[in-house]
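What follows is a set of notes on a single structure, which appears directly below.
We name chains A, B, ... by the order of the sequence lines, and we start the count at 1 in each one.
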Amino acid sequence: MGPTIRFNRRPEGKESLIFEFHDPGEHMKDLLKQWVDGMVNQVRAQGLLPHDPLPAYRIDRPKERHHGDFSTNAAMVLARIARMKPRDLAERMLATLPRDQKDIERWEVAGPGFINFFVTTSRLQQHVHEIIDAGTRYGQSSLGQGVKVMVEFVSANPTGPMHVGHGRGAVTGDVLCRLLTATGHEVHREYYINDAGRQIDVLARSVQHRCRERMEGVTLSTPDEFYPGEYVIDILEAMPPSLRQSLEGSLANPPPLDTNDTTMTALTRFAVNWVLEDIRNDLDRLDIHFDQWFSERELHEQGGIDHALKILRAKDLIHDGSLEKPKGGGERPQDQWETRRQPLFRATAFGDDVDRPLQKPDGTYTYFAADIAYHLNKYERGFDRLVNIWGADHGGYVKRVEAALEGLTGKKDILKVLLVQMVNLTRNGQPVRMSKRAGNFVTLRDVVEQVGSDAVRFWFLTRASASQLDFDLDLAVAHSNDNPVYYVQYAHARICSIERQLEEKGLERGLLDAHVLELEAEMDLIRFLNVYPETVESAAVHLEPHRIAFYLQDLAAMFHTYYNSTRILDDEPRIRGGRLALCHAVRQVLTNGLKLMGVKAPERM
RNA sequence: GCGCCCGUGGCUCAAUCGGAUAGAGCAACGGCCUUCUAAGCCGUAGGCUGCAGGUUCGAAUCCUGCCGGGCGCACCA
C-alpha cells in the first residue's frame, strides 16, 4: 500500500477539491490487483478452480505499449490447475468483470493468455496533476512500514586515504539509505571503525618510522610492513608538540617502545583519528554522512566479544578442533601450514563450508570473533534488518557472518550483505595501482576533485553493484560531457529554461491543465512518469540503487525526444498550459530522482 | 581443489523477484540549429544472450554439467 497523502485535484479547471489517494502508480496497480483477485474468486465460485491455495500471479506493466498499461499472467498461471487452455480461462475470467469501469478504457486477452488493460486518456492526464501536487513526495511510499534498518557501509580501515573502490561502496550505500528512507524504512547509517587490529599498530609504527627519519635527517628505506604513503608524513606534522616530543624522546632511548607504551597508545589514537578525519572529509565532499561511527576498540573494551562468545558457548556452538589444510592450487604456498587445535564456531551447522576459528595462536581474538560480537551488538540495538555493504574481496566472509547471526539469534535472513564488485581504475587505458601499500595511488579525493561529485556519484551507479566497474580517469575528465549525469541534468536544466523563457517572453502561464494533452508522445511520457514510484520501490526492495540511474536516463531520453518533436510554448494558451504542466511533472520526477542519487539538479547548464 | 560474483551487438552495460518482437550508451555511417539550450534529436547498421542438456504454457533469467574472466580460501583485515 502506498502512503495516504492529500492533494488538490483540478479536473477541467474547476475548483480544487481535497481527497485522499494512494501513490498514483500504486493506485492503479492496486485497483487492477483487486479486479484480478475478484475475477479469480468468481471463476473459483463457478467451480473452475479448487479452493486450495493458488500459485501467485502478477500484475505487470508490459514493455510493449500495444500490450496495454497493465497485464496479468493469472490465466496462464492458473490454467494447469483449472485444466483449461490459458486463453479460455482468461475469457471466462473477463466475463465476470463488470462493464462500467471509470479508469480503464478496455481490456483484452492476448498472446498466450495475458489479460491486458488499457487506461483511459483522462486518467493518464490526471496523473500529471497528481505528480505536481505530490511534489517532492512523489515516489515516496510507506512500503517499509517503519521497519528499522541499519546499513553499515564504507567501514574502510583507518590506515590511509580512501581509494576509488571505497567510493563506489560509499555511494552505493548512501543511495541505498536514501531509497530505504524514501520507502518508509527507518534507516540508521553506520561506519564500523576497525581500530583494534594489528594494522593500527603498523600505522603508528609507520609514523614512528618517519619521525626517526626526520630526527636523523636522512631518508631511510621503508620496510614492506610499513605504510609508505605521503599522508604518514602529514600525520607526523599534524601532531601536537607534546606528543611529538615524547615520540622523539622514546625514539632516542632504545629499546624501542612496545604497544603498551603510553606514548605509543597516544600516537596510535592520534594517527587513527587523523585518518578518520581525512576519511570523513572525503565523504563530506560526496555529501555522505553517518549516524554513528562504531569503534571496534570500544567493542573490545566493553566486553562485547566475551558476551557474544558466551552466548555461542551456551548454545554449544563452539568446540575445540583443528582445521584441515585447504586443498589444491591457490597462489599462496601452503607449506607453512601447521595443524593446531583452536576454538571454532560451528559455522557448518548453518551452511558454511568449514567451522571458523575464533582465536589466533597467541590467544587473542580473530577478526571474525569481533565481527560476531559486532553483529550481535547491532541486533541487540533493536534493528529489524541489517544490511552490510562490502567489497567483493570480503565475499568469503558472508557465509560465516550470516551463520554466526543465525546461531546467535535463531533467525535467518536478518542480514543481507551486498557485495560491491571491484573498480578497475585506469588512466589512458592503463591500470592504476590502488593498493594502500603501493604508496603512490590515486585516492578517492583526487578523483572527486578532478571529475566532480555529481559525475562520480552517477558513474558509480551506472552498473549493477555485482558487475565490475571500469573507471578511466582520462575518459571521465576529458570526455566528461559524455557522462550520463549531464544528459539527465540537461533535461532538468532545459525545463527550467523553458520556464524562464515563459517569463522573458511575457507569455501567460495558462491553466496548467494537463487534460488538453493528447499526443502519443505525451501519453508515453506520462506512462513513464507513473513507473517512477515502482522503480523506487523495486530499487529499495532489491537493494539495487542503479535502477534509479537507469530510470532517469530513460526519462531524460523521453523528454529530449518530446522536446525536439513538440513545441512546449505553443501559441495556443491552452495547449501551452497543458504542456507546461507536463514539463512541470517531468521536472519534479527528475528532481526527486536526482535527489535520491545525491546529484544536483541544476537550473541552467 | 572449494566457495561467491560475472559471461548479452565491435566496446561498456540494461532487461520490472520466469513473460509477449532482448533494449540503451559509446564507436561507425547518413541527416536536423532564422522559433523554447545541438551537453540535444531523427535515421541506418549491428544478436543462436559463452556451450550442452533439463524444468513449463513461456528461460538472458531457475536447475545440472562443462568453458572463460574476477574475488576469496587457518593465523592479517
Discussion item. Check this one for me: any side-chain N or O of A:Lys360 less than 4.0 Å away from OP1 or OP2 of B:C76?
Written reply: yes
Worksheet item: Which is true for A:Gly395 with a 4.0 Å heavy-atom rule: it touches a base, it touches only sugar-phosphate, or it touches nothing?
Response: nothing
Worksheet item: Is A:Ala466 touching bases, backbone alone, or none of the nucleic acid, heavy atoms closer than 4.0 Å?
Response: sugar-phosphate
Worksheet item: Between A:Arg494 and A:Tyr563, is NZ or CZ placed under 6.0 angstrom from the six-membered ring centre and within 45° of the ring axis?
Response: yes
Worksheet item: Are A:Phe114 and the base of B:A20 stacked, counting only ring centres nearer than 5.5 Å and planes tilted under 30°?
Response: yes
Worksheet item: Expressed as a whole number of Å, how far does the P atom of B:C41 sit from that of B:A60?
Response: 30 Å
Item to complete: Calculate the interatomic distance between A:Ile115 atom CD1 and B:C57 atom C1'; express it in whole Å.
Response: 15 Å
Discussion item. Within 90° of 0 counts as syn, otherwise anti: where does B:C29 fall?
Written reply: anti
Item to complete: Report which part of the nucleic acid A:Arg463 touches: base, sugar-phosphate, or nothing (heavy-atom distance under 4.0 Å, all strands).
Response: sugar-phosphate
Item to complete: Indicate whether OP1 or OP2 belonging to B:C41 is found under 4.0 Å from a side-chain N or O atom of A:Tyr487.
Response: yes
Item to complete: Would you classify A:His66 as touching base, sugar-phosphate or nothing, given that sugar-phosphate means primed atoms plus P, OP1 and OP2, and contacts are heavy atoms under 4.0 Å?
Response: base
Practice prompt. Output yes when at least one side-chain N/O atom of A:Lys63 is less than 4.0 Å from OP1 or OP2 of B:A20, else no.
Written response: yes
Worksheet item: Would you say the side-chain atoms of A:Gln199 and A:Asn194 include a donor-acceptor pair closer than 3.5 Å?
Response: no
Item to complete: Calculate the interatomic distance between A:Glu296 atom CD and B:A77 atom C1'; express it in whole Å.
Response: 9 Å
Worksheet item: Using a cut-off of 4.0 Å on non-hydrogen atoms, how would the nucleic acid contact of A:Pro86 be classed: base, sugar-phosphate, or nothing?
Response: nothing
Item to complete: Could you please name the option among B:U35, B:C71, B:A20 that lies closest to any side-chain atom of A:Lys505?
Response: B:U35
Item to complete: Between B:C48 and B:C57, how far apart are the C1' atoms? Round to whole Å, please.
Response: 23 Å
Worksheet item: Rounding to the closest angstrom, what is the interatomic distance between B:G18 and B:U55 at atom C1'?
Response: 11 Å
Worksheet item: Contact class for A:Ser467 (heavy atom, under 4.0 Å): base, sugar-phosphate, or nothing?
Response: sugar-phosphate
Worksheet entry | N or O in side chain of A:Arg547 less than 4.0 angstrom from B:U16 OP1/OP2 | no
Practice prompt. Using only heavy-atom distances, decide whether a donor-acceptor pair under 3.5 angstrom links the side-chain of A:Ser71 to the base of B:A20.
Written response: yes
Worksheet entry | d(CD, A:Glu544; C1', B:U61) in whole Å | 13 Å
Worksheet item: Do the numbers put A:Arg547 on top of the ring of A:Phe550, so that NZ or CZ is under 6.0 Å from the six-membered ring centre and no more than 45° off the axis?
Response: no
Worksheet item: Does A:Gln501 make a side-chain N or O approach to OP1 or OP2 of B:U37 shorter than 4.0 Å?
Response: yes
Discussion item. With a 6.0 Å cut-off (strictly less than), is the heavy-atom count around NZ of A:Lys416, excluding the residue itself, greater than 12?
Written reply: no
Worksheet item: Is there a side-chain polar atom (N or O) of A:Thr366 under 4.0 Å from OP1 or OP2 of B:A77?
Response: no
Practice prompt. Select base, sugar-phosphate, or nothing to describe what A:Arg58 touches, counting heavy atoms under 4.0 Å on all strands.
Written response: base
Worksheet item: Roughly how far apart, to the nearest Å, are B:A20 and B:G58 at atom C1'?
Response: 9 Å
Discussion item. Between A:His542 and B:A15, is there a contact of a side-chain N or O with OP1 or OP2 at under 4.0 Å?
Written reply: no
Worksheet item: Reckon A:Ala491 touches a base, only the sugar-phosphate, or nothing at all at heavy-atom distances under 4.0 Å?
Response: nothing
Worksheet entry | Pairwise 5' ranking along RNA chain B for A:Ser538 and A:Ala110, keeping only the more 5' one | A:Ser538
Discussion item. I need the CZ-C1' distance between A:Arg205 and B:C76, as an integer number of Å.
Written reply: 13 Å
Discussion item. Taking any heavy-atom pair under 4.0 Å as a contact, classify A:Val531: base, sugar-phosphate, or nothing.
Written reply: nothing
Worksheet item: What interatomic distance, in whole Å, is found between P of B:G3 and the corresponding atom of B:A59?
Response: 29 Å
Worksheet item: Looking at A:Arg198, does any N or O in its side chain come under 4.0 Å of the phosphate oxygens OP1/OP2 on B:C75?
Response: no
Worksheet entry | All salt bridge (Lys or Arg N to Asp or Glu O under 4.0 Å) counterparts of A:Asp69, not counting sequence neighbours | A:Arg527
Worksheet item: Taking a pair as Watson-Crick or G-U wobble with both distances under 3.5 Å, which nucleotide is matched to B:C62?
Response: B:G54
Response to the item:
Between CD of A:Gln421 and C1' of B:G69 the distance, given in whole Å, is 11 Å
Worksheet item: Cut-off 3.5 Å, side chains only: do A:Asn388 and A:His394 have a donor facing an acceptor?
Response: no
Item to complete: With heavy atoms under 4.0 Å as the rule, sort A:Thr566 into base, sugar-phosphate or nothing.
Response: base
Discussion item. Should the side chain of A:Asn116 and the base of B:A20 be counted as holding a donor-acceptor pair, with the cut-off at 3.5 Å?
Written reply: yes
Worksheet entry | G-U wobble or Watson-Crick pairing nucleotide for B:C32 (cut-off 3.5 Å, both distances) | B:G40
Worksheet item: Checking all strands, does A:Asn73 fall into the base, sugar-phosphate, or nothing category for heavy-atom contacts under 4.0 angstrom?
Response: base
Item to complete: Please determine if A:Arg168 forms a cation-pi arrangement with A:Phe460, meaning its NZ or CZ atom is less than 6.0 Å from the six-membered ring centre and no more than 45° off the ring axis.
Response: no
Discussion item. I'd like to check, for A:His67, whether its ring lies over the base of B:A20 with centroids under 5.5 Å apart and a plane angle smaller than 30°.
Written reply: yes
Fill in: Pairwise C1' distance for B:U49 and B:A14, with rounding to whole Å
13 Å
Worksheet entry | Length of the CD-P vector between A:Glu402 and B:C4, whole Å | 12 Å
Worksheet item: Around atom CD of A:Glu324, are there more than 12 heavy atoms of other residues, nucleotides or ligands at under 6.0 Å?
Response: no
Practice prompt. Could you walk me through whether A:Arg92 and A:Asp88 pass salt bridge (charged side-chain N to carboxylate O under 4.0 Å, His left out), step by step?
Written response: CA-CA 6 Å; A:Arg92 293 289 295 265; A:Asp88 292 345; over 6 Å; no
Worksheet item: Considering only the C1' atoms, how many Å lie between B:A45 and B:C4, rounded to the nearest integer?
Response: 39 Å
Worksheet item: Roughly how many Å is it from CG in A:Leu469 to P in B:C11, rounded to a whole number?
Response: 18 Å
Discussion item. By the 4.0 Å heavy-atom rule, please label A:Thr462 as base, sugar-phosphate, or nothing.
Written reply: sugar-phosphate
Worksheet entry | Under-4.0 Å salt bridge between A:Glu534 and A:Lys29 | yes
Fill in: Separation of atom CG in A:Leu419 from atom P in B:C73, rounded to whole Å
14 Å
Fill in: Whole-angstrom distance between B:G10 and B:G54, as gauged at atom C1'
33 Å
Item to complete: Mind checking A:Gln553 for me? I need base, sugar-phosphate or nothing, with any heavy atom below 4.0 Å counting as a touch.
Response: nothing
Discussion item. Under 4.0 Å, counting only non-hydrogen atoms across every strand here, what does A:Leu323 touch: a base, just sugar-phosphate, or nothing?
Written reply: sugar-phosphate
